[in-house]
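What you see is a predicted model, and the numbers here were worked out from it, not measured in a lab. Lettering of chains follows the sequences in order, A, B, ..., and the numbering in each one begins at 1.
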Number of protein chains: 2
Amino acid sequence: MVARRSSKRGTIQEVARLAGVSPATVSRVLNNHPRTSPETRRRVLDAVAQLGYVPDHTARSLKTGNVGEIALAVPDIGNPVYVAIAKAVHEVAARRGWWLSLISTEGSQTEELRALRALAGNRIDGLIITSLTVSQAFLRALEPVQGRVVVIGRVPDETPVDNVRVESEVGAKLAVEHLIDLGCQRIGFINGVQGTVPSTSRIEGYRLGLASRGMEYDPKLVVESDFTIMGGYEAIDRLLEQAPDLDGVFAANDAMAIGVLRRLRERGIRVPHDVAVIGMDDIDLCRIATPTLSTVTLLAAERGRIAGELLLDRIEGRAQGEWQRVTVLPRLIVRESTSLLRVERVGPPHQDPNVGRQG
Amino acid sequence: MVARRSSKRGTIQEVARLAGVSPATVSRVLNNHPRTSPETRRRVLDAVAQLGYVPDHTARSLKTGNVGEIALAVPDIGNPVYVAIAKAVHEVAARRGWWLSLISTEGSQTEELRALRALAGNRIDGLIITSLTVSQAFLRALEPVQGRVVVIGRVPDETPVDNVRVESEVGAKLAVEHLIDLGCQRIGFINGVQGTVPSTSRIEGYRLGLASRGMEYDPKLVVESDFTIMGGYEAIDRLLEQAPDLDGVFAANDAMAIGVLRRLRERGIRVPHDVAVIGMDDIDLCRIATPTLSTVTLLAAERGRIAGELLLDRIEGRAQGEWQRVTVLPRLIVRESTSLLRVERVGPPHQDPNVGRQG
DNA sequence: CTGTTAGCGCTTTCAG
DNA sequence: CTGAAAGCGCTAACAG
């Protein structure tokens, strides 16, 4: 990696010389300081325009000690859930005058640590990061950047960061209970990659849901795959082989559920008549799928918005106190895939979110 | 916007003092200069570890004149086409040791100019930008940052930038010719928002396709909407009203085409038997849709890869010559929505791309 | 192989 | 209201 600053658009010195003032005055004009005479101001701005001068951001940052930029690091920008988070954070950042850049970590811990290091090295002022694994190394790397990072996803209680989380067990429980209340007796569960935080909480919610309605857990009803459409597509075949009497499926995310819908259609199995299907996340595709897909929203946009506010409150110095733990509560969204009437029973998502806040 | 550098992880001075060497030596060790004794090296690294020192990126950048970062600015990170471009650029950047950040301009020209200004102010070293409109203001803003920016999308010949483009007229023509060769006589066209560069080239390709097979252009067969699934969904109704004898539809992008498929299914119109449908872009959803969607790929990933290489070649100083104009050629991908046999006739996309290069 | 010195371009006291 | 001067933290000659 080699590079040299190519385009020299002039320095504040040259602007000062051209305007017949000192560099300090140019700086004051450009930063809208109160005490500058209109006449000087005009001369400076003329000179700036004439030279096409743009202040060097690097020098400015070194001097002032901040760069005016935050970043959002996500495992996969192709995932609609992270896109929703990104859009929400972007909205907050723009409104509050901050520059936001996105970093795609591709789920690699090395990349996550790199983002944290960028923060430590003052390449950015703040960071919102979503990690799938939350390793020890990751937690250790949070220490030195306290007060400038927000984690989306669960971290241990004592971790010195602001944190936004969602009770996804509760969400999984809601989904399973919904299927049972619909009359399903044999509910299959397609989980994502084992060992990740999301998959662990979903299987727990699945068990809780069964238990709450007095049904027994049957390992034959559970398969694992990855969190993609194709993952769901191939997993449902294995599931049906293990449990041909299946009458309901809970998929760990909407992408997998959509793969399930597609495969079931191919096999001539009617949804929801023969098998009811529910996913989790509430991505846009749910409303496009055939049949439209019931799901449990995990309020991605809402979490993004909150994370953005928390981070900026912190680095703008508005928030000084304890580390925040904000938890959002999932909500069931019923659509055709679990509705024998094939009627959408629910309004638009993401409104009136249930948000609980605790110290 | 207020912020102050919070976490002081120490300076190079402090490391030097602790290690009993000069700051210059610390700098040398950290930058892997050839001439450093193993002993000194060890002492320095110990001190670094002990303090948890991370070099200040801002100071380093100011001194060296580069920041090691490029950015990709796209109109909408929710659009799969831009995601494909982003992933490809990311891959190139990572391989060549550069940091990539994403900027979402939301299609706003202000945001585009802001990205260009960030480049001018050396916040980043290089920029890849995709603009839907390419206004005069935009072109003017390219001047001062020559040699550090690559535009994806057509720009006037004399524009002083490296440029990656796709012959989307040819793509649209291919799509229409394919429908005609299939036996379609009345081919509707659903275009995106009028006045944008993409929509202009698509309507032109549509006309070219008709002309090349000796068919006449009928304004009744054309409607406009926006480039979204819902846009296609509502547009097909209008189109069918204007032209009930429709037997083929070309949608200006896959998202719209998928909306069309959905609406046709609702109305009991069979695809491809009653109406054949083709889109453009080749997003992942094409393979998931029912029926699977024929399309014309515009090689988004390929364009992203090329743009990344061009930019880095330029700012690494490997490319010094004329401005590059790289043009990629669209390719037809036939799937069920235009296949009476309902057989996928084509291999995986994005391999063996046709790429033409000219001075 | 290592230390000294200068300075990247900007903002910000402190005088005036 | 404006100028002079200092210095943010780092790297890169240039000596030694």
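In this structure, the helix from C/dC1-D/dG16 to C/dG16-D/dC1 shows an angle of 30° between the axis at its start and the axis at its end, each fitted on 5 base pairs and rounded to 10°.
For the pair B/Thr25 and C/dT2, the criterion of a side-chain N or O lying under 4.0 Å from OP1 or OP2 is not met. The side chain of A/Ser61 contributes no N or O atom lying less than 4.0 Å from OP1 or OP2 of C/dC10.
Under the 4.5 Å side-chain criterion, counting only non-hydrogen atoms from C-beta, A/Glu316 is in contact with A/Trp98. Contact of the B/Val21 side chain with the B/Thr40 side chain is registered, since non-hydrogen atoms from C-beta on lie closer than 4.5 Å. Side-chain contact between A/Leu310 and A/Ile306: present, with at least one pair of heavy atoms (C-beta onward) separated by less than 4.5 Å. Using a 4.5 Å cut-off on side-chain heavy atoms (C-beta onward), B/Tyr53 and B/Glu14 make no contact.
Of the candidate nucleotides D/dG3, D/dT2, D/dG9, D/dT2 has the atom lying nearest to any side-chain atom of A/Ser37.
Residue pairs meeting the salt bridge (charged side-chain N to carboxylate O under 4.0 Å, His left out) criterion with at least one member in residues 100-111 of chain B, sequence neighbours excluded, are B/Glu111-B/Arg114.
Partners of B/Arg41 under the salt bridge (Lys or Arg N to Asp or Glu O under 4.0 Å) rule, at least two apart in sequence or in another chain, do not exist in this structure. With sequence neighbours left out, the side-chain contact (heavy atoms from CB on, under 4.5 Å) criterion links A/Pro75 to A/Tyr82, A/Thr105, A/Thr130, A/Leu132. By the salt bridge (Lys or Arg N to Asp or Glu O under 4.0 Å) test, A/Arg60 pairs with no residue at all, sequence neighbours left out.
Rounded to whole Å, atom P of D/dG7 lies 14 Å from atom CG of A/Leu62. Here D/dT2 presents its C1' atom at 14 Å from CD of A/Glu39, a figure rounded to the nearest Å. The distance from atom CG of A/Asn66 to atom P of D/dG9 is 13 Å, rounded to the nearest whole Å. If you measure from atom CG of B/Asn122 to atom P of C/dG9, you get 9 Å, rounded to the nearest angstrom.
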A correct 5'-to-3' footprint of nucleotides 11-16 of chain D, with B, S and - meaning base, sugar-phosphate only and no protein heavy atom under 4.0 Å, is BBB---
